[in-house]
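Since this is a predicted model, take the numbers as computed values, not measurements. By convention in this document, chain letters (A, B, ...) are assigned in the order of the sequence lines, proteins followed by strands, and residues within each chain are numbered from 1.
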Amino acid sequence: QDARADLSKTSVIEQIKEAGVIKIGLSVFVPWSMRDKTGELIGFELDVGRKLAADMGVEVEFIPTAWDGIIPALVSGTFDVIISGMSVTPVRNLTVNFSDPYAYSGVTILANTAMTTGMALEDYNKPEITFAARRGATPATVIGQLFPEATLLLFDEDGAATQEVLNGNAHATMMSEPSPSMEARNNPETVSVPFDQTFLATGEAFAYRKGDPDATNFFNNWIGVNWANGWLKERNDYWFKGTEWADQVDQ
Amino acid sequence: MRRTKRRSLHWLDYLIAAVVVAFIAVIWLRISGTLNYKWQWERIPNYILRWDEADGRWVANLLLQGLITTIRIAIYSGILALILGTLLGIARTSTNLVIRMLARTYLEVLRNIPPVVVVFIFFFFLSQQLIAVLNMETWARGIARQDDIAVWEFFFGDMRRFPSLISGVIVLALFESAFVGEIVRAGIQSIPRGQREAARSIGMSWTDEMRFIVMPQALRKVLPPLSNQFISLVKDSSIISLISVQELTYKTVELVASTRMIFEAWIATACLYFILCFGLSLLFRRLETGGKHKPR
Amino acid sequence: MARAGKRGLRRVMASTPVSVVIYLIVMFLIVETALKGAEAMGYNWQWYRIPQYFFEDGDAGIVLGEIPWGLVGTITLSTMAFALAVGIGLLVALLRLSDLIVGRAVARVFLEIVRNIPLLVLLYVFYYVFGPIFGMDRYVASVLCLAVFHGALMSEIFRGGIAAVALGQWEAAKSVGMSTAQIYRYIILPQSVRFMLPPMTSEVVNMIKSSAIVSVIAVVELTTVGRNIISDTYLSFEIWFTIAAVYMALTLIISSFASYLERRYAVTD
Amino acid sequence: MTAAPPIIELCHVDKYFGPFQALTDINFAVRQGERVVVCGPSGSGKSTMIRCINRLEEHDAGTITVDGILLGDDTKDIRAVRQDVGMVFQQFNLFPHLTVLENLTIGPIRVRKMDKAAAEALGRKYLDRVHIPEQADKFPSQLSGGQQQRVAIARSLCMEPKIMLFDEPTSALDPEMISEVLEAMVELANSGMTMVCVTHEMGFARRVADKMVFMEAGRIVETAPPGEFFTAPKSDRARMFLDQILEH
Amino acid sequence: MTAAPPIIELCHVDKYFGPFQALTDINFAVRQGERVVVCGPSGSGKSTMIRCINRLEEHDAGTITVDGILLGDDTKDIRAVRQDVGMVFQQFNLFPHLTVLENLTIGPIRVRKMDKAAAEALGRKYLDRVHIPEQADKFPSQLSGGQQQRVAIARSLCMEPKIMLFDEPTSALDPEMISEVLEAMVELANSGMTMVCVTHEMGFARRVADKMVFMEAGRIVETAPPGEFFTAPKSDRARMFLDQILEH
Ligand SMILES: Nc1ncnc2c1ncn2[C@@H]1O[C@H](COP(=O)(O)OP(=O)(O)OP(=O)(O)O)[C@@H](O)[C@H]1O
Ligand SMILES: Nc1ncnc2c1ncn2[C@@H]1O[C@H](COP(=O)(O)OP(=O)(O)OP(=O)(O)O)[C@@H](O)[C@H]1O
Ligand SMILES: [Mg+2]
Ligand SMILES: [Mg+2]
């Protein structure tokens, strides 16, 4: 009983309730989380974080952090949980804990038209084909799984990866909709979305420190409930299918 | 070299001028042709200052917020680094071997490992513990919840982020102090032995000797390298975005990630850094020559 | 007698072996405290997952892992950039010391621009702006960017080293009738080497560390490799510390080589 | 030579720099009011010896007693001795960041804890004594070498020392300025100050010295009254040295 | 004074350092084989004048002709003049990274394009001439001041100059070493070399000078044969100067 009491006392859930605030780590990635024209954070994750905090009855605080520092900051307690489009892989799961997926974002290919005309999907899986992607984000994982033979270049943010394709330094990149379609619309002569197909990842989940069964229980159930009541689906569609939010951001 | 400089142009001057002009021309000609990019400069000003409809006034947007944070961080950690660095510099010239070796170890570790790791080490093993011990987090949040916090915000920005800011300042200061220490050491060692002997031979104690004879002279000598180091500190401050401090470089990353204005944003940031750093170096040069009314 | 005893004790305490022992004890205590701190944080070190990134014991015998390859990348990149940077630095320094009016101005503007912009920003400009303009790929752009950045810093080292040679040396060389080029070649540069070696060493070390920045444009080197492994595994601490140790080994080797050179070039005067 | 007790006494002093023995078995005493001139070839250990007297160098064997205090590791004792012993260096060693007057008063103010006004009065008094009262507010770099050295002498005098040590005070000076500094030293000697001077100015030695000490290779080779030393030096080495010095 | 044509001639030379006028209307000629000693108080422009002769300083007005070449902006001419004019500095200015022999041969090899063996033979010859043949393979820092200065003299001689300039060649030396350097200079004078020496060594001046030049405040105040200059200087300032120099 002592051990149990200890466990629940040290759970991050307990700490959040006690402090009256949940600190959420994230790093900017359209349309998960981004800066609008006024410099405020908006995006799917922000909605998720706010709802989560509201349901727990605490304040919410978002802490944008450079990607390199995000896991160390989680470990050291700078924030309680990372909600930043992290896709679940077994290797990562050995290091941090993941909740159940709160999103299954589909990613599509954005290709440099001139460099990839007439190529079938299988043609991309060759060493001479270069993909660009943002380090540590879902598309990078998906590319690794779908096109293991292709060369994968990792950049610090999405803009750089897209620019590689625009400049013809990479054949293609993958991104969550609606970004690829928007890029194709903005630069019709150079890039296009060659396949309608959406490639599904393993799903994105909250990441938090290991050794915390209470948190697992709480986050999983919160996600389960919000899947069931359709809230997550609705938000997901808003950010990933539609483009109503686009005029809040300079794209 | 004490040479009178020529006043007329040499043929090499014309050659160099031609090369520079050609270089700029090539860039100019090709920038529209080859570069597959839609310039959107008109959007940048909004991210420096924007008109707030609700409040009806101008407020700082991402880039300016970042710049302000950078300046805050630079000032606080500059001061702290100066203090720590001076102690380290004195330690490096100590007659005690243990103190010298410890100071040397600190310097070599900092000099030889990548900044990212230095930041992690200082952050997790030092400043984070310090903040936990002092319970700074709760304290800062308490202040953030009060109403009248204009003064706090002027000095420290968003009080919720106060612990991060303090961590950033400590980490950056520890990082830079190693280099400041080397500068101070060089300054101390540049004071001729005779000065210290003269001080001793009128019976001064070690502290008086340091305080009245060595330091005032060393300080004058180290001012130029110190001001360079301060400029480096401004530039290096971007590493603390790793520990959630939102300074200029990180704000730019966010801006680029959100808007894809990869060139405009980075060039604008380059200009902001240039203005800040070059302005500082002009200022320091001014102070140096201003302080030269005293001979030597 | 009491005085002699006290004096003896002080001498013993100040002797080298005793100092080294005290030093080791202090260092041990510091490391010990740091590790305790990490434990208090509740982090579970997983060092056993690291060796696979150095070498893999596969079917075809032992194969080098990603980290050694990254190290090779770092060394090649830095070597090329260093060679170029020395050239740029010397050129800029000589221009600044010359009596060419345009030459001095160009060198000065170049120096101020490069010196007052963070390397990261400079790299973006090189890769995304100059890259397409001059048809440079990411590797060329990285090498050039590092060379330009450190070349500017080195030019100050060269300038300082040249200026540190006593004025009398110029005069003596001139009065045997040497030309400016000969004076630089035979008198000034050989002597300035010893003034330049210490700052040059730290510049090389800096260069190796700052070459890490090219990981933002996906050039393969040590830091890029490390960050890629981290993004796959989330083993931030272990990988970063490992990478740091590799860097430290590399830079310490360079520093000790440099201090050997320093001793060789030491001219007593 | 009066019967006053020795105010400086070195007994069997040895001094090493690493493996190199700079002083060997130095025995040497100076009485209150005595004026001693030390000479000898370059590298013979003259500077080392007088620097041991106010412990700018630590000796390795033997004893040094100054004004009754045995020089050891005790920092307090050493500082007390240094207040009693003024020292003038070859390179002047004025503090370049302080004005002449500040150079003079910093010792009295910081070490003797005098108040500023009293210290300045004292400073001006000694500046008068070395004949440059009008230079009080300049910086050392604005003075000629001879003036700088006189300021250095005044700076030492401001500590009202019992003994003054001089280490080749004129050898960094232009020929024209040597005499003005020697003049100041002669006046000081005439006022009865105990002095130990390392110098090659034999004219000065003839005028003021009570005792000549000739050193070579870390040893005291000859000690004699100046009359005797200059006319009939006992050792060959001293004779050779004198010949060379006085030749041109 | 023979009727040989002037090998050095300065006419109405002025020289400014910024606003400060260091030389005013200098008129001065040296004939082939003549030995001139320049003296005067510190800061009077002695160094500046002889440095103008091999254009280490550029003069601002007037003309300077050396061995028939008018000094102007032409770099080639200047280098030709410098090969004809040897210069010895107060601070020796040997090249510390080269051995003694390399110091001597670098000029012949690099400037006169001699081959190495010939240059070394030449170097050893002049090293012999200054009496230190055995020091050829040492580095300058391993020599005494007197030896260094003699190497510096030999280095100049290796260029087989027509004229030698000396700028206070002995004033950075310990008293003991002065005579060995002066000896080398006397021998050189006796060999018939044209020499211009700035020095305060009046014994040397008496022995070798054909002409004394006394400068003050950037002007040549007096020019006279040494006999006359030492016994009956015309100007008051020169008399005062001599009194001070010769006093001690
Ligand atoms: N700090 C030191 N380290 C090593 N050797 C030293 C040191 N100071 C002096 N020496 C050596 O000790 C010897 C005596 O030096 P000292 O300065 O006392 O001679 P000196 O008689 O004053 O000569 P000079 O007339 O040149 O001033 C010299 O051989 C010198 O090289
Ligand atoms: N490079 C310079 N810049 C400014 N002033 C100078 C420079 N060189 C010399 N002077 C000034 O010119 C004047 C003459 O200097 P010079 O060195 O020729 O004197 P000098 O007769 O050789 O004196 P000394 O005996 O001290 O060597 C001095 O007042 C000196 O301060
Ligand atoms: Mg001495
Ligand atoms: Mg001179």
So which part of [X] gets closer than 4.5 Å to some heavy atom of chain B, the side chain, the backbone, both or neither?
X        : value
D:Val111 : side chain
D:Leu94  : backbone
D:Phe95  : both
D:Arg112 : neither

Q) Top residue by heavy-atom pair count (under 4.5 Å) with chain D, among B:Asp208, B:Ile191, B:Ile202? A)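 The option with the most such pairs is B:Ile202.
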
Between [X] (side chain) and [Y] (backbone), is there a donor-acceptor pair under 3.5 Å?
X        : Y        : result
D:Asp174 : D:Met177 : no
D:Glu168 : D:Phe89  : no
D:Gln149 : D:Pro169 : yes

Q) In terms of heavy-atom proximity below 4.5 Å to chain D, should B:Arg196 be classed as side chain, backbone, both, or neither? A)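 Neither the backbone nor the side chain of B:Arg196 comes within 4.5 Å of chain D.
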
Q: Report yes or no: do D:Asp167 and D:Ser47 form a side-chain donor-acceptor pair below 3.5 Å?
A: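 Indeed, the side chains of D:Asp167 and D:Ser47 share at least one donor-acceptor pair under 3.5 Å.
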
Q: Look at the aromatic rings of B:Phe284 and B:Phe230 and report parallel, tilted or perpendicular, splitting at 30° and 60°.
A: perpendicular

